[in-house]
Structure formats: C-alpha cells, structure tokens
Amino acid sequence: MATKKSTGAALTGTLTDIYEVPANKRAEWILVYITNTSGSNGTYTLSYYDASASATLPVLDTYTISSKSFFQIGGQYNEFIMMEAGDKIQASGTQAGTILVSVIEHNAT
C-alpha cells in the first residue's frame with residue numbers, strides 16, 4: 001500500500017534534514033518547492049543523502065532564487081527520484097525561505 005506524504009520546513013543557513021525515508025520503506029520523491037520569503041535574493045542548496053553510500057549529492061548547489069519567488073522540481077507524471085530507507089532530502093538557504101516536499105512511501109518488500 002502506498003502512502004502520500006508532504007512535509008515542509010523553514011530554511012536557515014544550516015543544511016537541515018527535511019525528510020528521511022523510514023525503516024522498511026521506499027519512497028518516490030515527486031515534488032519540491034523552495035520559496036524565498038525574504039526581501040532579498042538568496043542562494044539555496046538542496047541535497048539528496050544516499051544512506052547506502054554515506055554520500056551527500058547536490059541537487060541544487062547554491063542556486064539563486066529572487067526575493068518572493070519560488071523554484072519547483074518535479075510534479076509531472078513519471079518525474080520522481082526513488083529513495084531507500086535512511087535516504088534524506090536536505091536543504092538550506094542564505095535568506096529566509098520555506099521548502100515543501102511531496103513523496104509517496106511504499107513498503108520495502
């Protein structure tokens with residue numbers, strides 16, 4: 001059985017865990033919105049942590065988002081990244097911002 005989930009967080013200057021795939025699950029990362037809520041342009045980092053390789057892989061590396069603008073990845077049919085238990089989505093920003101992530105979790109069997 002699949003479970004659709006969304007989670008969000010405020011972004012700071014520190015790379016923060018936004019979502020982690022629970023034990024005995026797999027997840028399809030299907031959508032992410034990053035919004036710059038500040039009055040100034042800012043740079044944002046979005047990373048995928050691969051637990052099996054203990055590696056942090058940049059998706060966006062200090063990407064500039066204008067004040068009061070947003071950046072979207074995914075959301076279309078068949079656009080997703082498959083994640084395994086322990087994998088994480090992480091993000092940070094130089095200006096105030098928010099991130100919203102949508103995933104679909106599946107049992108790992």
Side-chain angles (χ1 to χ4, degrees):
M1 181 162 129
T3 304
K4 295 179 181 179
K5 290 187 172 184
S6 293
T7 187
L11 295 176
T12 66
T14 303
L15 196 62
T16 303
D17 294 347
I18 307 302
Y19 170 79
E20 181 175 355
V21 181
N24 302 313
K25 298 284 185 181
R26 291 178 296 130
E28 297 175 55
W29 176 9
I30 57 173
L31 178 67
V32 62
Y33 283 107
I34 299 175
T35 304
N36 178 345
T37 58
S38 77
S40 302
N41 294 348
T43 57
Y44 297 84
T45 297
L46 176 67
S47 298
Y48 173 87
Y49 176 77
D50 180 352
S52 66
S54 297
T56 301
L57 309 168
V59 178
L60 293 177
D61 190 11
T62 60
Y63 183 82
T64 300
I65 300 175
S66 300
S67 171
K68 308 298 183 195
S69 295
F70 72 93
F71 183 83
Q72 174 185 338
I73 298 174
Q76 299 298 316
Y77 186 72
N78 282 334
E79 289 183 351
F80 60 89
I81 295 172
M82 224 37 223
M83 302 174 71
E84 302 295 329
D87 292 353
K88 299 176 188 179
I89 299 168
Q90 303 172 312
S92 65
T94 60
Q95 297 293 330
T98 58
I99 183 169
L100 297 172
V101 172
S102 292
V103 300
I104 301 174
E105 287 182 354
H106 303 272
N107 291 330
T109 57

* Return the minimal non-hydrogen interatomic distance between Ala2 and Ile104, and the atom names on each side. =>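 What the structure gives for the nearest pair is CB-CG2, 3.7 Å.
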* To do: Heavy atoms only: give me the nearest Pro22-Ala85 pair and the separation to one decimal.
  =>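 Looking at all heavy atoms of both residues, the shortest contact is O-CB, 3.5 Å.
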* To do: Keeping to residues at least two apart or across chains, list the salt bridge (Lys or Arg N to Asp or Glu O under 4.0 Å) pairs with something in residues 67-85.
  =>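 Applying salt bridge (Lys or Arg N to Asp or Glu O under 4.0 Å) to every pair that reaches into residues 67-85, excluding sequence neighbours, yields nothing.
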* Could you give all pairs that pass the salt bridge (Lys or Arg N to Asp or Glu O under 4.0 Å) test and reach residues 32-41, with sequence neighbours left out? ->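 As it turns out, there is no salt bridge (Lys or Arg N to Asp or Glu O under 4.0 Å) pair with a partner in residues 32-41 once direct neighbours are skipped.
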Quick test of your reading: applying side-chain hydrogen bond (donor to acceptor under 3.5 Å, both in side chains), list the pairs with at least one residue in [range], sequence neighbours left out, ordered by first then second residue.
range: residues 85-99; answer: Asp17-Lys88, Asp17-Gln90, Thr43-Thr94, Tyr48-Asp87
range: residues 6-16; answer: Ser6-Ser102
range: residues 20-41; answer: Lys25-Asn107, Glu28-His106, Asn36-Ser38, Asn36-Tyr44

Donor-acceptor list for residues 50-61 side chains, cut-off 3.5 Å, not counting sequence neighbours:
from	atom 1	to	atom 2	distance (Å)
Asp50	OD1	Ser52	N	3.1
Asp50	OD1	Ser52	OG	2.7

* **Inter-residue atom distance Leu46.CG - Ile34.CD1, 0.5 Å rounding** =>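 Here the interatomic distance stands at 4.5 Å.
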Side-chain heavy atoms nearer than 4.5 Å, only ILVMFWY residues, links allowed to pass through others: does that put [X] and [Y] together?
X: Ile30; Y: Ile81; value: no
X: Ile65; Y: Ile18; value: yes
X: Val32; Y: Tyr49; value: no
X: Ile73; Y: Leu15; value: no

* **side-chain contact (heavy atoms from CB on, under 4.5 Å) involving Lys5 - partner list, sequence neighbours excluded** =>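 Checked Lys5 against side-chain contact (heavy atoms from CB on, under 4.5 Å); matches are Thr3, Val103, Glu105.
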* Asked: What pairs meet the ring-ring contact (aromatic ring centres under 6.0 Å, His included) rule with one or both residues in residues 71-98, with sequence neighbours excluded?
  ->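 Every pair satisfying ring-ring contact (aromatic ring centres under 6.0 Å, His included) with a residue in residues 71-98: Tyr63-Phe71.
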